[in-house]
> 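Okay, here's the structure, questions in a sec.
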Amino acid sequence: MNLLKTNKKQDNLTYQNNLTFAQQCDTDDPLKQFREAFLFPKDEAGKPLVYLCGNSLGLQPKRTQKYLQEELNDWSKHGVEGHTDATNPWLPYHEFLTENMAKIVGAKPSEVVMMNTLTTNLHLMMVSFYQPTKKKYKIVVESDAFPSDKYAVESQLQFHGFDAKDGLILWTPREGEELCRYEDLEAIMETQGDEIALLMIGSTNYYSGQHFPLKKITALGHAYDCMVGFDLAHGAGNIQPNLHDTGADFAVWCSYKYLNSGPGSLGGCFVHERHANNSKLKRFTGWWGHNKETRFNMRHEFDALPGAEGWQLSNPPILSMAAIRASLDVFTEAGFDNLRMKSKKLTGYLEFLLDELKDDRISIITPRNPEERGCQLSIQLRSANKAFHTKLTEAGVISDWREPDVIRVAPAPLYNSFEDVFDFVQRLKKVLG
Ligand SMILES: *Cc1c(COP(=O)(O)O)cnc(C)c1O
């Protein structure tokens, strides 16, 4: 079995619906040892649960505790001097994350910074990249955008004195469909492009799992003189967004989903290098975005750092950054291209097994094309309700329920196995009865 083969047709022919096959895939998996690098939640009897919820909260790398402990030790040993004397000095600590993070999102290091949390970063980016005029002020989002993104966008419209209903344009799937079509976004731009100031799209939709063509969307937006930003909450660590190459103006993401950095951990932010020294952009500022040489002179006028770092506000929480550093080190050891290759195979197997159920209550709303999705499959279970999901949880599966009838499962290539996927489908079958 060749794990490097990602051609879907061939894979479908070679996948087999039995445990031996799943276990063989795990034996052949060049990334199999990374499962051992994570801590799995267990049931009351101490048996590991089938954890397919890395799209909501990634699992804890075993090394995270050590990285955190190191900072606690340095704090006790050095007090304030830890800013310069800690093993990993706190003053430049965010810089230790930049290079590995930049690789995962396909950006240059100067374009990336870890800071704040996702929604905060989204607001900061809109302060700079949403500069509406009376005529050009509307914002496009995909219709099933994550609620927080929608609230943020609506409040930005209102903040600038616009009516949120009038100013918000939804890119919507067609009647009877679940996915957004690119040509419908083109149609929106053709008819309303003159009035649109910003395209703010979730790179990989949290609900459907649909991954959008970021480069095409950016070119489309720019052709109509709009700014373009992406929310990579479900993209970072899952797909390779190639941010620099897309030409997007900005992007934001969180680190607690696919990036395994712990609940509420800091987010990431990308600003394209063509804006690195763009003094025309308005921004909300704080001392951590100020020139490092004179930051502590305190009385200087604001002197923005070039690149994404110039948008920092505060000195960041080191403990959260230590957890991010631990996680990024695991990613770097595994290699993102290898992970993506396994991910296609693993999710392809999940898709194959779900199809094998031949149950017409089930449909997969996520695109069938591996290039148009990450690891998540969103499974629609006609006439199911939350009680069904509770039964699945009682059967030892951690997955995610979205009203009205969708279960989201996300086999994470870093720590999930082919056997996990096989196990899940067996348990689902049992609960379906
Ligand atoms: C998870 C998620 C968020 C969460 O935002 P926080 O500010 O980190 O709480 C926002 N947007 C999307 C698309 C998400 O998936």
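Order of listing sets the numbers, starting from 1, for every ligand and every atom in it.
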> Below 4.0 angstrom from a heavy atom of His234, which ligand 1 atoms are there? Numbered from 1 as shown, please.
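Near His234, the atoms of ligand 1 are 15 (O).
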> Output the list of atoms in ligand 1 that are nearer than 4.0 Å to some heavy atom of Ala233, sorted by atom number.
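Checking each atom against Ala233, I get 2 (C), 12 (C), 13 (C), 14 (C), 15 (O).
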> Verify the neighbour count for atom CH2 of Trp75: are there more than 12 heavy atoms of other residues, nucleotides or ligands below 6.0 Å?
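Atom CH2 in Trp75 is not packed in, count stays at 12 or less.
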> Looking only at side-chain N and O atoms, does Glu309 offer a donor or acceptor that is under 3.5 Å from a partner on His94?
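Indeed, the side chains of His94 and Glu309 share at least one donor-acceptor pair under 3.5 Å.
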> Under 4.0 Å from a heavy atom of Lys257: which atoms of ligand 1 are those, numbered in the order shown and with their elements?
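Close to Lys257: 1 (C), 2 (C), 3 (C), 14 (C), 15 (O).
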> Got a sec: does the OH of Tyr182 have more than 12 other heavy atoms crowding it under 6.0 Å?
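Check passes, neighbour count above 12.
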> Is there any N or O on Asp231 that sits under 3.5 Å from an N or O of ligand 1?
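The answer is yes, given that Asp231 and ligand 1 share an N or O pair closer than 3.5 Å.
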> What's the shortest distance from atom 3 (C) of ligand 1 to any protein heavy atom, and which residue and atom give it?
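I find the closest protein heavy atom is Phe146 CE2, 3.4 Å.
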> Any atoms of ligand 1 less than 4.0 Å from a non-hydrogen atom of Leu118? List them with their elements.
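Reading through ligand 1 atom by atom, the close ones are 5 (O), 6 (P), 7 (O), 8 (O), 10 (C), 11 (N).
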> Just to verify, which of Asp420, Asp29, Asn416 counts as forming a side-chain hydrogen bond (donor to acceptor under 3.5 Å, both in side chains) with Arg35?
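Among Asp420, Asp29, Asn416, the one that satisfies the side-chain hydrogen bond (donor to acceptor under 3.5 Å, both in side chains) with Arg35 is Asp420.
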> Can you sort out which atoms of ligand 1 are near Asp149, meaning under 4.0 Å from one of its heavy atoms?
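Taking each heavy atom of Asp149 in turn, ligand 1 has 10 (C), 11 (N), 12 (C), 13 (C) under 4.0 Å.
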> Is Thr119 touching ligand 1 with its side chain, its backbone, both, or neither, if touching means heavy atoms under 4.0 Å apart?
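The answer is both.
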> State, without any angle test, whether Asp249 and His275 hold a side-chain donor-acceptor pair at a distance under 3.5 Å.
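His275 and Asp249 do have a side-chain donor-acceptor pair below 3.5 Å.
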> Just by modelled atom types, is the Trp288 backbone N or O under 3.5 Å from a matching donor or acceptor in the Gln312 side chain?
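Yes, Gln312 side chain to Trp288 backbone: donor-acceptor pair under 3.5 Å.
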> For ligand 1, which atoms, with element, lie under 4.0 Å from some heavy atom of Tyr256?
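Per the distance check, 1 (C), 4 (C), 5 (O), 6 (P), 8 (O), 9 (O).
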> Does this structure show an ion pair linking Lys134 with Glu195, if we count only N-O contacts that are shorter than 4.0 Å?
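No, Lys134 and Glu195 are not salt-bridged.
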